[in-house]
Amino acid sequence: MKTNMSSRERLLAAIRLEETDHVPLWCLWSYDQEPFNTGDDLARLEATLALGMDDTLWLHAPWRMAPEVEVSGWTEPVAGEEYVLMHKRYQTPDGSVEHTMRSSEYLDTSGNFGILGDLNMSHATQFLIEERKDLAPLRYLLGDPDNDQMSQFRERAKAYRRAAAEKQVVLEGAYVSLGDTAAWLMGPANLIYACEDDPGFVEELMAIIWNWHERQVEILLDEKVDVILHRGWYELPDFWGVHSYRRFLKPLLKREAEMVHQAGAAFSYIMTKGIMPLLDDFLEIGVDVLWGPDPMQGEADLVALKEKLGGRMCIWGGMNAILTLGEGKPEDARAAVEEAIDILAPGGGFVLFPVDQIVAGTPWENIEAMLARWRELA
């Protein structure tokens, strides 16, 4: 495998659709052994680069509730059930909203849950935003960071820029979200109904989220990140439908891409399922990197993807992590690498990535098989 570029040079070249010394390989880790997890970014970086892989550093923007919000909480037992209901009330100058979650093995009874997060979707019995009167209080819940937060963030950004320069890796402003935030606040089913039954309500909701989101993006761009990584795990057509995606999300995503490009950064867009009907939309939005095409769980047609996006957009994905690496055999890993590189690598603009993460329990021999075949073919 020819190697005469740094990881930073290689990934940026792939994003710009330029020739690279070899096909980049990048992984998202939540593995069960150090350092291949999210416990220590810099330790993981050392380990992945030592394997010849590519890696990136993620910088997250701070935010907070407005200081005038008063939060109260209480728990409620449920007869005949092991779980309890945990209630939170957020009292704002423009009214209150309430949030109720049930406890589980993933969420203890302390009431330690937030405004945003994946557990909201699976554990909420009452979502924060359910009707129009909830929108005014929401403006106070998605607020700007205070001076202390910004000071700490700038110090962290300085340290990450220094590490990125020293290790020659890409610095990404990570995990900004629009549709994901809406799904966390309302729940997917409620959101689907609202898109059809009360589109004006959804437009108001998305305008509030956008005002908060825009500030998040600006904070990251001010720190000169190379890439803005927009999470769209819950922006997929399964949640929105193609029509609602184009009405409520696409115009905002286009505005975001324009902001990112004006700052000289690249716009990377996470969507791991349901991408095939939206390829033209991604081009019109101005997506530079399509992060997460998965031929198994995501049902991405790699041949059609290459035909449509080849030479126009960087494809960051191409194989599956959970089934292929997590449940398959070494020969499955090798075959997946071969297929992805054979179809997506010619002409450049491709980063091999097992979608969407290498989780705890993944057999290491499958990871080794992936690495070995990649080194042979890249």
Side-chain angles (χ1 to χ4, degrees), residues 11-18 56 58-63 139 142-145 153 157 161 170-183 195 199 202-237 239-240 242-272 274-275 277-293 305 308-317 349 351:
L11 287 180
L12 290 180
I15 291 170
R16 291 192 288 257
L17 311 178
E18 299 170 353
T56 58
W58 284 5
L59 183 65
H60 301 272
W63 63 281
R139 291 179 170 88
L142 300 177
D144 290 341
F153 168 74
R161 281 198 307 272
V170 167
L171 179 61
E172 297 188 274
Y175 269 20
V176 294
S177 66
L178 288 167
D180 288 28
T181 300
C195 286
V202 178
E203 287 175 346
E204 289 185 44
L205 171 67
M206 295 312 300
I208 294 169
I209 293 173
W210 168 259
N211 287 336
W212 167 77
H213 172 83
E214 183 180 32
R215 177 63 177 143
Q216 293 271 288
V217 175
E218 288 172 345
I219 288 171
L220 292 168
L221 291 174
D222 284 346
E223 296 301 327
K224 308 302 181 185
V225 296
D226 301 301
V227 175
I228 291 291
L229 181 59
H230 179 112
R231 55 172 297 150
W233 267 296
Y234 307 131
E235 293 182 1
L236 71 166
F239 284 7
W240 293 82
V242 173
H243 172 75
S244 292
Y245 179 93
R246 289 171 177 162
R247 175 170 181 174
F248 300 113
L249 293 173
K250 184 176 177 180
L252 299 178
L253 290 164
K254 191 170 184 179
R255 287 170 64 182
E256 182 180 350
E258 289 169 353
M259 287 176 58
V260 173
H261 293 154
Q262 287 172 3
F267 184 53
S268 182
Y269 187 53
I270 297 174
M271 188 174 286
T272 62
I275 65 173
L278 298 176
L279 299 184
D280 285 320
D281 298 281
F282 299 151
L283 290 167
E284 292 165 7
I285 287 166
V287 172
D288 299 299
V289 180
L290 180 56
W291 190 108
L305 196 67
K308 172 64 73 171
L309 301 184
R312 307 175 74 185
M313 188 183 300
C314 176
I315 299 170
W316 193 297
V351 177

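This is a predicted model, so every value here is computed, not measured. Note that the numbering runs from 1 along the sequence shown for the chain.
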Excluding sequence neighbours, so at least two apart, what forms side chain to side chain contact (heavy atoms under 4.5 Å, CB included) with Pro237?
->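 Residues passing side chain to side chain contact (heavy atoms under 4.5 Å, CB included) with Pro237: Val242, Met271, Leu278.
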Tell me, please, which residues at least two apart from His60 pass side chain to side chain contact (heavy atoms under 4.5 Å, CB included).
->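 Expected list: Trp58, Ala174, Tyr175.
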Which of these, Asp226, Leu229, Ile15, sits in a side-chain contact (heavy atoms from CB on, under 4.5 Å) with Ser268?
-> Leu229
What is the distance from atom [atom1] of [X] to atom [atom2] of [Y], rounded to the nearest 0.5 Å?
{"X": "Ile209", "Y": "Phe248", "atom1": "CD1", "atom2": "CZ", "result": "12.0 Å"}
{"X": "Ile270", "Y": "Arg231", "atom1": "CD1", "atom2": "CZ", "result": "7.0 Å"}
{"X": "Leu178", "Y": "Glu235", "atom1": "CG", "atom2": "CD", "result": "5.5 Å"}
{"X": "Trp291", "Y": "His230", "atom1": "CH2", "atom2": "NE2", "result": "12.5 Å"}
{"X": "Ile275", "Y": "Leu290", "atom1": "CD1", "atom2": "CG", "result": "5.0 Å"}
{"X": "Glu223", "Y": "Leu220", "atom1": "CD", "atom2": "CG", "result": "8.5 Å"}

In chain order, what residues pass the salt bridge (charged side-chain N to carboxylate O under 4.0 Å, His left out) check against [X], with sequence neighbours excluded?
{"X": "Lys308", "result": "Asp280"}
{"X": "Glu284", "result": "Lys250"}
{"X": "Asp288", "result": "none"}
{"X": "Arg16", "result": "Glu18"}

Where is the tightest heavy-atom contact between [X] and [Y], given as atom of each residue plus distance?
{"X": "Ile315", "Y": "Pro293", "result": "CG2-CG, 3.9 Å"}
{"X": "Ile219", "Y": "Pro145", "result": "CD1-CG, 3.9 Å"}
{"X": "Ala182", "Y": "Met206", "result": "CB-SD, 3.9 Å"}
{"X": "Ala257", "Y": "Gly286", "result": "CB-O, 4.1 Å"}
{"X": "Ile285", "Y": "Tyr245", "result": "CD1-OH, 3.6 Å"}

All side chain to side chain donor-acceptor pair (under 3.5 Å) counterparts of [X], not counting sequence neighbours:
{"X": "Arg312", "answer": "none"}
{"X": "Glu203", "answer": "Arg247"}
{"X": "Arg246", "answer": "Asp281"}
{"X": "Ser244", "answer": "none"}

Is any side-chain heavy atom of Thr272 less than 4.5 Å from a side-chain heavy atom of Leu236?
->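 They are not in side-chain contact.
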Any side-chain heavy atom of Phe153 sitting closer than 4.5 Å to one from Leu59?
->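 Yes, at least one pair of side-chain atoms sits under 4.5 Å.
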Scan residues 210-222 for pairs that pass side chain to side chain donor-acceptor pair (under 3.5 Å), counting only residues two or more places apart or in two chains.
-> His213-Glu256
Those residues that, when tested against Phe239, pass ring pair (Phe, Tyr, Trp, His ring centres under 6.0 Å) (two or more places apart) =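 By the ring pair (Phe, Tyr, Trp, His ring centres under 6.0 Å) rule, Phe239 matches Tyr234.
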Can you say whether the rings of Tyr269 and Phe282 are parallel (under 30°), tilted (30 to 60°) or perpendicular (over 60°)?
->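 Tyr269 and Phe282: perpendicular rings.
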